[in-house]
Amino acid sequence: MYNFNFCCPTRVIFGKGSIAELPKYIDKNKKVLMIYGGGSIKRNGVYDQVKKALEGYNLYEFGGIEPNPKYETCMKAVELIKREGIEFLLAVGGGSTLDGTKFIAAASKYEGEDAYNDIVVNGIEIKEALPLADVITLPATGSEMNSGAVISRLSTDEKLPFNSEKVFPQFSIIDPEVTYSLPLRQTLNGIVDTFVHVMEQYCTYDVNTPLQDDWAIGIMRTLIKEAPKVLANPTDYDTRANIFWCATCGLNNWISQGVAQDWATHMIGHELTAFYGIDHGQSLAIVEPRLLKNQKVTKSKKLAKLARELFGFNESVDLKAADLAIDAIEKFYNSIGVKTRLADYEIDAQEAAERVRDRFKARNTHLGEKGAVDADATYEILRNC
Ligand code: NZQ
Ligand code: ZN
């Protein structure tokens with residue numbers, strides 16, 4: 001096991017009716033900005049619940065954060081914050097709203113010329129950020145319990161992550177009941193995103209971490225069991241609760257301590273979203289099976305363990321078992337109705353492969369736990385998607 005240094009300062013308030021607890025955790029003397037997305041919270045009653053809980057607060061609002069949050073939109077919130085002297089940010093929505101809020105928190109305290117270039121592209125150390133918290137409404141990103149965010153820039157077709165301890169939410173409210181209103185497509189995106197997060201942390205090379213491996217496999221096993229249940233009964237509380245906790249634990253960095261991590265599927269998927277606008281979860285479902293095939297030899301031990309312990313195959317030859325695991329993952333996605341080919345989304349594989357290869361060549365990109373996924377490997381992977 002590798003050395004590690006772990007801290008997650010986020011309080012999690014989980015369960016039915018938990019939005020009503022907001023005032024316990026936000027100082028009434030602070031100017032609070034509630035940040036939300038395209039309006040789902042107004043249709044499903046979450047907005048009303050938050051307003052009621054924060055009655056008597058000096059509450060400002062900023063709506064319109066889009067899926068795959070845009071730098072250009074976030075900077076409008078920064079202007080409002082500076083103008084009004086906002087002191088606390090409350091994200092109410094999915095991972096995009098929360099990620100946007102994390103960026104806004106950092107950009108509000110940043111004095112440089114181009115916050116996107118400095119914070120996101122060049123990853124400068126963030127010295128200060130506004131305090132933030134969230135009411136998370138979509139189980140997928142794990143953003144509610146981590147310090148990462150992914151921000152897109154319209155003017156350059158970029159979609160890149162940044163990370164800073166300063167943007168951990170102070171607390172996250174997770175009420176699984178708010179997910180009853182999710183469109184099917186977003187429920188599925190969240191299941192795939194969570195599955196792939198776990199794979200990015202589990203499926204590398206073995207450094208003797210049986211506990212982390214078992215936790216990871218436990219999350220994947222739970223997703224495979226709960227996914228058909230949520231499709232059959234979208235308002236079953238226990239199913240929604242189990243899926244949400246899988247999503248949070250899938251990327252709160254608990255399973256990644258002491259292990260090698262991959263993240264190549266995500267970085268290639270981000271390019272597909274940046275160029276073609278497809279959903280994050282969809283991009284992952286397309287890339288992951290082909291990337292795993294491409295990297296099968298170095299990942300064979302972990303893939304074989306997955307074949308045997310998660311999918312129940314008896315195959316004793318690791319490389320053969322690895323193939324079985326990869327096929328079983330893709331079958332799982334397809335079984336819940338997630339399509340796994342670029343053509344299914346009307347994207348030309350050859351064109352996508354060339355565009356992403358050229359961009360990775362220009363950036364000298366090397367992805368994956370061994371840096372083996374370079375521009376040429378990415379080209380091969382995407383051509384086969
Ligand atoms: O914008 P509104 O109107 O709120 O609607 C949203 C949006 O259209 C809707 N929605 C959210 N909660 C709902 C709901 N509709 C009905 N009922 C609810 N309870 O769902 C749509 C998608 O929302 P979005 O926030 O974009 O989805 P998600 O949570 O999947 O976030 C995706 C973004 O997170 C990034 C992705 O790259 C992408 O930009 N990621 C962030 C990570 C992190 N911070 O750690 C890690 C992930 O790998 C991921 O990359
Ligand atoms: Zn993701």
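Counting starts at 1 for both ligands and their atoms, in listed order.
Looking at Glu165 and Ser147, their side chains never bring a donor and an acceptor atom within 3.5 Å of each other. When only modelled atom types and interatomic distance are considered, His280 and Asn68 share no side-chain donor-acceptor pair under 3.5 Å. With no hydrogens or angles considered, a side-chain donor-acceptor pair links Glu66 and Thr73 at under 3.5 Å. Using modelled atom types and a 3.5 Å distance limit, the side chains of Ser143 and Lys102 yield a donor-acceptor pair. In summary, the side chains of Glu144 and Thr248 do present a donor paired with an acceptor at a separation below 3.5 Å, with no hydrogens or angles considered.
Close approach of ligand 1 to Gly148 is summarised as follows: ligand atoms under 4.0 Å from at least one heavy atom of the residue are 44 (N). Taking every non-hydrogen atom of Asn44 and a distance limit under 4.0 Å, the qualifying atoms of ligand 1 come out as 17 (N), 18 (C), 19 (N). With ligand atoms numbered from 1 in the order given, ligand 1 contributes 2 (P), 3 (O), 4 (O), 5 (O), 10 (N), 13 (C), 14 (C), 15 (N), 16 (C) to contacts under 4.0 Å with heavy atoms of Ser40. Those atoms of ligand 1 with a heavy atom of His197 less than 4.0 angstrom away are 46 (C), 47 (C), 48 (O). Against a heavy-atom cut-off of under 4.0 Å, Asp193 is close to the following atoms of ligand 1: 47 (C), 48 (O). Atoms of ligand 1 found under 4.0 Å from any heavy atom of Gly95 (numbered from 1 in listed order, with element): 25 (O), 28 (P), 29 (O), 31 (O). Ligand 1 places these atoms under 4.0 Å from at least one heavy atom of Leu251: 45 (O), 46 (C). Taking every heavy atom of Gly39 and a limit of under 4.0 angstrom, the matching atoms of ligand 1 come to 3 (O).
Between the side chain of Lys339 and the backbone N or O of Asn334 there is no donor-acceptor pair closer than 3.5 Å. Arg357 contributes no side-chain N or O that, together with a main-chain N or O of Ala377, makes up a donor-acceptor pair within less than 3.5 Å. The main-chain N or O of Lys70 is never found under 3.5 Å from a side-chain atom of Arg153 such that the two would form a donor-acceptor pair.
At a heavy-atom cutoff of 4.0 Å, ligand 1 is contacted by no atom of Glu66, backbone or side chain. With a 4.0 Å cut-off on non-hydrogen atoms, Pro69 touches ligand 1 through its side chain and not its backbone.
Considering backbone and side-chain atoms together, Thr97 places no N or O closer than 3.5 Å to any N or O of ligand 1. Taking any N or O of Ser181, backbone or side chain, at least one lies under 3.5 Å from an N or O belonging to ligand 1. Among the atoms of Ala140, none of the N or O lies under 3.5 angstrom from an N or O of ligand 1. The shortest N or O to N or O distance between Gly93 and ligand 1 is not under 3.5 Å. For ligand 1, the polar-atom distance check against His266 finds a nitrogen or oxygen pair separated by under 3.5 Å. At least one N or O atom of Val178 sits closer than 3.5 Å to an N or O atom of ligand 1.
For atom 1 (O) of ligand 1, the closest non-hydrogen atom of the protein is Gly38 N, 2.8 Å. The protein atom (non-hydrogen) at minimum distance from atom 12 (N) of ligand 1 is Thr137 OG1, 2.8 Å. At the shortest separation from atom 27 (O) of ligand 1 among protein heavy atoms lies Leu138 CD1, 3.3 Å. In terms of protein heavy-atom proximity, atom 49 (C) of ligand 1 is closest to His280 NE2, 3.3 Å. Here the protein heavy atom with the shortest distance to atom 25 (O) of ligand 1 is Ser96 N, 2.9 Å. The nearest protein atom to atom 39 (O) of ligand 1, hydrogens excluded, is given as Asn68 OD1, 3.1 Å; this is a heavy-atom distance. Remark: minimum distance from atom 42 (C) of ligand 1 to any protein heavy atom is reached at Thr141 CB, 3.7 Å.
When the heavy-atom distances from atom 8 (O) of ligand 1 to Pro67, Gly142, Pro161, Gly45 are ranked, the shortest goes to Pro67. Selection from Leu182, Asn146, Leu160, Asn189 by nearest heavy atom to atom 18 (C) of ligand 1 gives Leu182.
Distances from ligand 1 to the non-hydrogen atoms of Gly190 include no value under 4.0 Å. Distances from ligand 1 to the non-hydrogen atoms of Pro139 include no value under 4.0 Å. Note on ligand 1: Lys159 sits in its first shell, one or more heavy atoms being nearer than 4.0 Å. Residue contacts with ligand 1 include Asp99, since one of its heavy atoms falls under 4.0 Å from the ligand.
Looking at Asp193 and the Zn ion (ligand 2) together, the shortest N, O or S contact belongs to OD1. Closest to the Zn ion (ligand 2) among the N, O or S atoms of His280 is NE2. For His266, the N/O/S atom at the shortest distance from the Zn ion (ligand 2) is named NE2.
Between Lys42 and Asp48, no side-chain nitrogen of the basic residue sits less than 4.0 Å from a carboxylate oxygen of the acidic one, so the salt-bridge criterion is not met. Ion pairing of Lys305 with Asp318 is absent here, as no side-chain N (NZ or NE/NH1/NH2) approaches a carboxylate O to less than 4.0 Å. Classification of Arg185 and Asp279 as a salt-bridged pair holds, one side-chain N sitting under 4.0 Å from a carboxylate O. Using a cutoff of 4.0 Å between basic side-chain nitrogens and carboxylate oxygens, Glu79 and Lys76 are not scored as salt-bridged.
Taking CD of Glu125 as the reference point, atom NZ of Lys166 lies at 7.5 Å (rounded to 0.5 Å). Taken from NZ in Lys31 to CG in Leu89, the straight-line distance is 13.5 Å, to the nearest 0.5 Å.
Seen from the ring of Phe275, Arg355 counts as a face-on cation partner, given the 6.0 Å and 45° thresholds.
In summary, the aromatic rings of Trp215 and Tyr202 are positioned with their centroids too far apart to meet the 6.0 Å limit.
Here the closest heavy-atom approach between residue Ala106 and residue Val167 is recorded as CB-CG1, 4.4 Å.
A side chain to side chain donor-acceptor pair (under 3.5 Å) with Lys299 holds for exactly one of Asp262, Asn294, Thr204; it is Asp262.
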